[in-house]
Amino acid sequence: MVIVSKAVLVAAVVAAGLIAGLFYAYTVSVMPGLAQADDHTFVTAMRRINDVIVNGWFMLSFLGAPLLAVAAVVLHFTSGARGGLPWLIAGAVLLVATVIVTGAINVPMNNALAVDSVDFAALRAQFEEPWVRWNTVRTVASAAGFGCLVGALVTRGA
């Protein structure tokens, strides 16, 4: 059972790294690049990104990271694993928080941006600054969650 516990933790680390990297890429490249675009280009590009990002590969890492982290916590108790529990719990909490922020804040903003309107300036004005701010929150939370899971691997000696 310890092998399964370690395998789930490694899978959680990989998934968390992927999702943290995605949000980081938005923070340091996608959104700064789009900030330089005109309103029509900004809104159109974000609409297209929002259309294509909800796919199986994204959902596998986005939902997989917190689910695997929670599973790693449960398996920690049932497998007789040693060390790393505080890191595991912190990582799971941070990754669940990332999903909550995304679902409660970023997704509704994405949906509002999709309304059938040609007033691109108004759409952008309502969307850009708060979306970027909350993306930064989920970038920090997911990166910290990833770091905590790495900490769990290190302290477990996996």
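Closest heavy-atom contact between C148 and A90: SG-CB, 3.8 Å. Summarising the geometry of P108 relative to G103, their closest heavy-atom pair is CD-O, 3.3 Å, with the distance given to 0.1 Å. When all heavy atoms of A152 and G84 are compared, the pair lying nearest together is CB-O, 3.8 Å. Pairing each heavy atom of F146 with each of A20, the nearest pair is CB-CB, 4.4 Å. When all heavy atoms are compared, the tightest approach of H76 to S5 is N-OG, 4.2 Å. Minimum heavy-atom separation, N135 to N106: N-ND2, 3.9 Å.
The line from CG of L113 to CG of N50 is 6.5 Å long, rounded to the nearest 0.5 Å. For the atom pair CD1 (I49) and CG (L34), the distance works out to 5.5 Å, reported to the nearest 0.5 Å. Taking CG of L60 as the start and CG of L67 as the end, the distance is 10.0 Å to the nearest 0.5 Å.
Using modelled atom types, one finds no donor on one side chain facing an acceptor on the other under 3.5 Å when comparing T27 with T136.
Linking Ile, Leu, Val, Met, Phe, Trp and Tyr whenever their side-chain heavy atoms come within less than 4.5 Å puts V137 and V132 in one cluster. Under the 4.5 Å side-chain contact rule for hydrophobic residues, V107 and V30 do not share a cluster. Linking Ile, Leu, Val, Met, Phe, Trp and Tyr whenever their side-chain heavy atoms come within less than 4.5 Å puts I105 and V54 in one cluster. Taking hydrophobic clusters as Ile, Leu, Val, Met, Phe, Trp and Tyr residues chained together by side-chain heavy-atom distances below 4.5 Å, F120 shares a cluster with F127. Linking Ile, Leu, Val, Met, Phe, Trp and Tyr whenever their side-chain heavy atoms come within less than 4.5 Å leaves V73 and V2 in two separate clusters.
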Name each donor-acceptor pair under 3.5 Å that joins a side chain in residues 92-102 to protein atoms two or more places apart or in another chain, with its distance.
from: T98; atom 1: OG1; to: L94; atom 2: O; distance (Å): 2.9
from: T98; atom 1: OG1; to: S142; atom 2: N; distance (Å): 3.4
from: T102; atom 1: OG1; to: T98; atom 2: O; distance (Å): 2.9
from: T102; atom 1: OG1; to: R138; atom 2: NH1; distance (Å): 3.0

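Counting heavy atoms from C-beta outward, R48 and D51 have side chains that approach closer than 4.5 Å. Inter-residue side-chain proximity for F58 and L22 is flagged as met; some heavy-atom pair is nearer than 4.5 Å. Two residues are said to be in side-chain contact when any heavy atoms from C-beta on lie closer than 4.5 Å; F23 and I19 meet this criterion. Q36 has its side chain out of reach of T41: every pair of non-hydrogen atoms, C-beta onward, lies at least 4.5 Å apart. Counting only heavy atoms from C-beta outward, the side chains of T139 and Y26 never approach each other to under 4.5 Å. The side-chain heavy atoms of W87 and L149, taken from C-beta on, include no pair separated by under 4.5 Å. The closest side-chain heavy-atom distance from M31 to M46 is below 4.5 Å.
Checking side-chain atoms of R124 against main-chain N and O of D119 turns up no donor-acceptor pair under 3.5 Å.
Around atom OH of Y24, no more than 12 heavy atoms belonging to other residues, nucleotides or ligands sit under 6.0 Å away. The neighbour count for W131 CH2, taken as heavy atoms of other residues, nucleotides or ligands under 6.0 Å away, is above 12.
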